[in-house]
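Contents: one structure, followed by commentary.
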Amino acid sequence: MHKGKFIISLDLELMWGVRDKETKISYGKNIIGGRKNLNEMLLSFDKYNIKATFATVGFLFHKSKKDFLNNIPKKTPSYLNKKLSPYYNLEKYIGKNENDDPYYYGRSLIELIQKYDSHEISTHTYCHYYCLEEGQTIEEFEEDLLKTIQIAKKNNIKLKSIVFPRNQYDIKYLNICKKNGIESYRGSEASYIYKSSNDSKQNIIKRALRLLDSYINLTGYNCCNLNKVKNTLPFNFPSSRFLRPYNKKLKYFEKLKFLRIKNAMTHAAKNKLLYHLWWHPHNFGKHLNENIILLENILKHYNYLNNKYDFQSLTMSDLSNELKIK
């Protein structure tokens, strides 16, 4: 019989999710704040014996502009919307190195995470690849995956799990992952409002419902029965909840957000299910104190569930290994 499992995964991408100049100016403070505050999160994880999975964009391994330009795959994503591609005008918008351009380089962040033996470096693809956007091909995705596996291997990291950018994936891409040694991925919640799709199908109604679902139980606890995934590979460890950052406009609903997570975690622990919580480090880039307080409350509740129900914190690869043995 499985025990209840608790996965925390973080998407480490810096500005690769969006790279237009206006966003860099408006959201750049979050990126810089997230870089500074990553250590606070790691200290909290260490304090409560949490094992986290850091899904990392392969670009972040590079130390210099020369490294970037020397490691461009032969095939790059041919999106119909060229501006989706990080290779579009790459040479013009990245700086010389991490000191010069902290928005796009992240080698020091990876090295900081590696100081803690309990955490996993996972992949968020090499270039923040969008699998369901029009124009790109499965061959281009495989080139991207092979490149990030290669870059990680040079840094003594064996990639075993993946988090798809914007949760865009389908069976063809999962088969490529399986072919290349990826054993697990973070899937989407079961509800249609979380269904994997390209950006054009993400309308304002879905976004509003997802926001509301963070505070009120619209879609259930979103916990996973591991017996249903143990005979498939790669294993699907679906998201249970995106940990939304503190928002001044919604500050009176913070308690509801915490209770939504707390109740679902308790349900998972009691019923021996998986609960998967995720966010981006840069989500904590503003209002660090409020965000850390929420995180610590969640981790304190994890400790309570661990003591009472043997609720277990694992990385995605840890859980994959356990399922393969069973």
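We're numbering straight along the sequence, starting at 1.
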What's the shortest heavy-atom distance between [X] and [Y], and which atoms?
{"X": "Glu40", "Y": "Ile292", "value": "CB-CD1, 4.1 Å"}
{"X": "Asn155", "Y": "Arg107", "value": "OD1-NH2, 2.7 Å"}
{"X": "Ile162", "Y": "Thr125", "value": "CD1-CG2, 4.2 Å"}
{"X": "Pro77", "Y": "Tyr129", "value": "CB-CE1, 3.6 Å"}
{"X": "Thr266", "Y": "Leu305", "value": "N-CD1, 3.9 Å"}

Ring centroid separation for Tyr87 and Phe59, is it under 6.0 angstrom?
-> yes
Counting only N and O atoms by type, is there a donor-acceptor contact under 3.5 Å from the side chain of [X] to the main-chain atoms of [Y]?
{"X": "Ser240", "Y": "His276", "value": "yes"}
{"X": "Tyr173", "Y": "Cys131", "value": "yes"}
{"X": "Asp213", "Y": "Thr219", "value": "yes"}
{"X": "Glu140", "Y": "Ser78", "value": "yes"}
{"X": "Glu98", "Y": "Lys63", "value": "no"}
{"X": "Asn97", "Y": "Asn99", "value": "yes"}
{"X": "Glu142", "Y": "Ile176", "value": "no"}
{"X": "Ser85", "Y": "Lys82", "value": "no"}
{"X": "Gln312", "Y": "Lys3", "value": "no"}
{"X": "Asp100", "Y": "Lys96", "value": "yes"}

Leu319 and Leu226: side-chain contact (heavy atoms from CB on, under 4.5 Å), yes or no, with the steps?
-> CA-CA 10 Å; Leu319 187 50; Leu226 291 170; 4.0 Å; yes
Before giving the answer on side-chain contact (heavy atoms from CB on, under 4.5 Å), spell out for Asn37 and Asn291 the whole-Å C-alpha distance, their side-chain angles and the decisive distance to 0.1 Å.
-> CA-CA 11 Å; Asn37 300 330; Asn291 285 315; over 6 Å; no
Could you tell me the separation between the CE atom of Met41 and the CG atom of Leu43, rounded to the nearest 0.5 Å?
->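 Rounded to the nearest 0.5 Å, the CE-CG separation comes out at 10.5 Å.
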Look up atom NE2 in His282 and atom CG in Asn30, then write down how far apart they are to the nearest 0.5 Å.
->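 Here the rounded value is 7.0 Å.
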Under 4.0 Å between a Lys/Arg side-chain N and an Asp/Glu carboxylate O for Glu322 and Lys5?
->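 Result for this pair is yes, salt bridge flagged.
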Ion pair check, Asp11 and Arg186, cut-off under 4.0 Å =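 Salt bridge: yes.
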Step through the shown structure and confirm whether more than 12 heavy atoms of other residues, nucleotides or ligands are within 6.0 Å of NZ on Lys262.
->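 Not more than 12 within 6.0 Å, no.
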Could you tell me whether Leu80 atom CG has more than 12 heavy atoms of other residues or ligands within 6.0 Å of it?
-> yes
Measure the acute angle between the ring planes of [X] and [Y], then classify it against the limits of 30° and 60° as parallel, tilted or perpendicular.
{"X": "Tyr275", "Y": "Phe6", "value": "parallel"}
{"X": "Phe45", "Y": "His119", "value": "perpendicular"}
{"X": "Trp279", "Y": "Phe284", "value": "parallel"}
{"X": "Tyr130", "Y": "His128", "value": "perpendicular"}

From CA spacing to verdict: salt bridge (charged side-chain N to carboxylate O under 4.0 Å, His left out), Lys257, Glu254 = CA-CA 5 Å; Lys257 184 171 68 177; Glu254 281 294 296; 3.0 Å; yes
Modelled atom types, side-chain donor and acceptor of [X] and [Y], under 3.5 Å:
{"X": "Tyr126", "Y": "His124", "result": "no"}
{"X": "Lys153", "Y": "Gln150", "result": "no"}
{"X": "Glu133", "Y": "Asn81", "result": "no"}
{"X": "Tyr48", "Y": "Glu296", "result": "yes"}
{"X": "Asn222", "Y": "Tyr194", "result": "no"}

Compare all side-chain heavy atoms of Arg35 with those of Leu14 and state whether any distance is below 4.5 angstrom.
->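 Arg35 reaches Leu14 side chain to side chain.
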Candidates Phe61, Tyr93, Trp16 - the one meeting ring-ring contact (aromatic ring centres under 6.0 Å, His included) with Phe68 |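 So, applying the ring-ring contact (aromatic ring centres under 6.0 Å, His included) to Phe68 and each of Phe61, Tyr93, Trp16, only Trp16 qualifies.
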Derivation and outcome, side-chain contact (heavy atoms from CB on, under 4.5 Å), residues Phe235 and Cys224 | CA-CA 12 Å; Phe235 300 116; Cys224 174; over 6 Å; no
Checking side-chain contact (heavy atoms from CB on, under 4.5 Å) for the pair Asn247/Leu211: CA distance, chi angles, key distance, verdict?
-> CA-CA 12 Å; Asn247 185 330; Leu211 175 62; over 6 Å; no
